[in-house]
Amino acid sequence: MSEFRNFAFNERVLESLDAMGFQKPTPIQEQAIPIILDDCDIIGCAQTGTGKTAAYLLPIIQHIIDQKPQRINTLIIAPTRELALQIDQQLEGFSYFTPVSSIAIYGGRDGASFDREKKALTKGADIIIATPGKLIQHLNLGYVDMSELNHLILDEADRMLDMGFYEDIMKIVSHLPKKRQTLLFSATMPPKIRVMAKKILKDPKQVNIAISKPAAGVFQAAFYTYNPQKVPLIEHLLKAKKITSAIIFCSTKKSVKEIERALKGIDLNVQSIHSDLSQLEREKVLLNFRNRKTQVLVATDIVARGIDIEDIELVINYDVPRDAEDYVHRVGRTARAESTGIAFTLINDDDRYLFRNIEKLVEKNISIGQLPEELGPGPDPKATPKPGNRRRDNRRPFKKKRLN
């Protein structure tokens, strides 16, 4: 029998959970669900892949079943369209046997989608999931009715502030009833999040406030490389094991496109995702990757958070992320829901200091791997890192050899 019955959920919610194979709540769900059911505000800090979305969706569905709202009941704000879509998809599963309605509102779609969004924002859907910029567009047109809203949820709040959405969030909040339940979820809890929380939450309960770290099931290792060695090393790592699902993260669109071309040149099934693609193209790429039609996804940080794809075996950081916390989100794409995975990071001389910051955050020394002999020697792993680095093209002449 499902342990979710301990929360006294409606039978239709439990039926949906059983159909989706949910039996045991995760720690964040165990802590957050009772607080949300009690109508308290909450600040929840949980690393990616811990079941955070279900932790707030399930009690909100229960509230809606009890309240039977006639207008918009809940607003969920997410930083990216990918995360908004993911939340909507999970909501569709959790509410399958219930009368709860929802719509995801984000940019990059056609006029027909805009008309559906306008209808939902005027006549009411139970749950609106929106990116800040797109919702602001609708609010500016004057027809959005949030007068009966009971719940506001900010998901990936730290990411939204990093993306410069603070003013948009505060503007959206100004359109909402002051009497409401507000739930703020964030993978990290920097001071700027706490400042915002004081302005929009009332006496919030705190759940799982902790430094975000990679899941225990992730094997982490790093390689010191010169830039020209990186693509041959990636080719070697992908061929060393029969990997069926891998993500390669890059810091720039240029690197994404270059790696995609290189890997296609050795007959790997690879696609890329970056901001130059339309929303429809992004969705198609992610669907192919989710359905295992694509073996390798090369991506910018646009998918580092908010994309819940099961059984990703390998994550490769082509660049060391500038923000140590972004490392956790990248690595968090693997070893989700208590599974296992591998994460490799490629470090050039300019990235040493950034890598040391990552080790401090995760509170462990990450294993250093040996480069294949065919690539020649890389930088000395024991060299002293220099703070304030600039990412130069740290090239070292060497004769590239194709790996078998």
Side-chain angles (χ1 to χ4, degrees), residues 1-44 46 49-78 83-105 119-121 123-130 145-155 176-177 179-185 201-202 204-205 207-208 308 310 336-338:
M1 181 179 292
S2 170
E3 293 183 26
F4 283 96
R5 290 187 175 274
N6 296 334
F7 298 120
F9 283 137
N10 184 282
E11 284 298 324
R12 286 173 288 180
V13 176
L14 294 172
E15 189 176 355
S16 297
L17 288 169
D18 288 342
M20 296 173 69
F22 279 67
Q23 295 294 324
K24 184 178 179 180
T26 65
I28 187 66
Q29 292 163 6
E30 286 183 326
Q31 295 179 58
I33 288 174
I35 296 172
I36 300 171
L37 288 174
D38 284 343
D39 292 318
C40 297
D41 285 7
I42 193 171
I43 297 176
T50 55
K52 165 177 56 70
T53 308
Y56 64 74
L57 285 181
L58 292 172
I60 289 298
I61 292 170
Q62 182 63 49
H63 277 315
I64 291 172
I65 292 173
D66 293 339
Q67 294 164 1
K68 299 180 177 62
Q70 299 301 310
R71 295 188 179 278
I72 297 170
N73 175 272
T74 299
L75 172 63
I76 302 172
I77 305 177
L83 180 55
L85 272 172
Q86 177 193 309
I87 295 168
D88 195 37
Q89 289 164 358
Q90 290 196 39
L91 177 58
E92 185 177 350
F94 293 137
S95 63
Y96 187 82
F97 297 103
T98 77
V100 174
S101 62
S102 67
I103 186 172
I105 294 176
K119 182 178 179 180
L121 290 167
K123 297 188 177 180
D126 293 323
I127 300 177
I128 301 293
I129 306 134
D145 184 1
M146 298 276 187
S147 60
E148 297 182 21
L149 186 111
N150 287 330
H151 313 285
L152 168 65
I153 302 167
L154 302 177
D155 200 353
L176 307 180
K179 185 179 179 181
R180 63 174 189 272
Q181 182 182 33
T182 303
L183 316 176
L184 186 152
F185 286 87
L201 280 77
K202 295 179 181 178
K205 306 289 186 181
V207 172
N208 200 28
D308 189 6
E310 295 181 356
R336 298 175 72 80
E338 300 182 358

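All values below come from the heavy atoms of this structure, side chains included, with hydrogens, waters and symmetry mates left out.
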Report yes if the side chains of [X] and [Y] come closer than 4.5 Å at any heavy-atom pair, otherwise no.
X	Y	answer
Asp155	Tyr56	yes
Arg12	Pro99	yes
Ile76	His151	no
Thr74	Asn150	no
Ile129	Leu83	no
Val207	Ile28	yes
Thr98	Asn10	no
Arg5	Glu11	yes

- Message: So does Lys202 get a backbone contact from the side chain of Asp41, meaning a donor-acceptor N/O pair under 3.5 Å?
- Response: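 Indeed, once roles are kept as given, a pair shorter than 3.5 Å links the two residues.
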
- Message: So does Gly51 get a backbone contact from the side chain of Gln29, meaning a donor-acceptor N/O pair under 3.5 Å?
- Response: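 Side chain of Gln29 to backbone of Gly51: a pair is present.
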
Please round to the nearest 0.5 Å and tell me the distance separating atom [atom1] of [X] and atom [atom2] of [Y].
X	Y	atom1	atom2	value
Ile43	Leu154	CD1	CG	10.5 Å
Leu17	Leu14	CG	CG	6.0 Å
Asp39	His63	CG	NE2	4.5 Å

- Query: Which word best sums up how the rings of Phe22 and Phe94 line up, parallel for under 30°, tilted for 30 to 60°, or perpendicular for over 60°?
  - Reply: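 Answer is perpendicular, since the angle exceeds 60°.
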
Considering all heavy atoms of both residues, which atom of [X] and which atom of [Y] are nearest to each other, and what is their separation?
X	Y	answer
Ile87	Ala78	CD1-CB, 4.1 Å
Gln23	Phe4	O-CD1, 3.6 Å
Ile33	Ala55	CG1-O, 3.5 Å
Ala104	Ala84	CB-O, 4.2 Å
Met20	Gly93	SD-C, 3.3 Å

- Task: Go through the steps to decide whether Ile61 and Asp126 satisfy the test side chain to side chain contact (heavy atoms under 4.5 Å, CB included), and finish with yes or no.
- Result: CA-CA 9 Å; Ile61 292 170; Asp126 293 323; over 6 Å; no

- Item | Arg71/Leu149 under side chain to side chain contact (heavy atoms under 4.5 Å, CB included): CA gap, chis, key distance, verdict | CA-CA 8 Å; Arg71 295 188 179 278; Leu149 186 111; over 6 Å; no

- Name all residues meeting the salt bridge (Lys or Arg N to Asp or Glu O under 4.0 Å) criterion together with Glu15; count only those two or more places apart in sequence or in a different chain, and write none if there are none.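 For Glu15, no residue satisfies salt bridge (Lys or Arg N to Asp or Glu O under 4.0 Å) once neighbours in sequence are set aside.
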
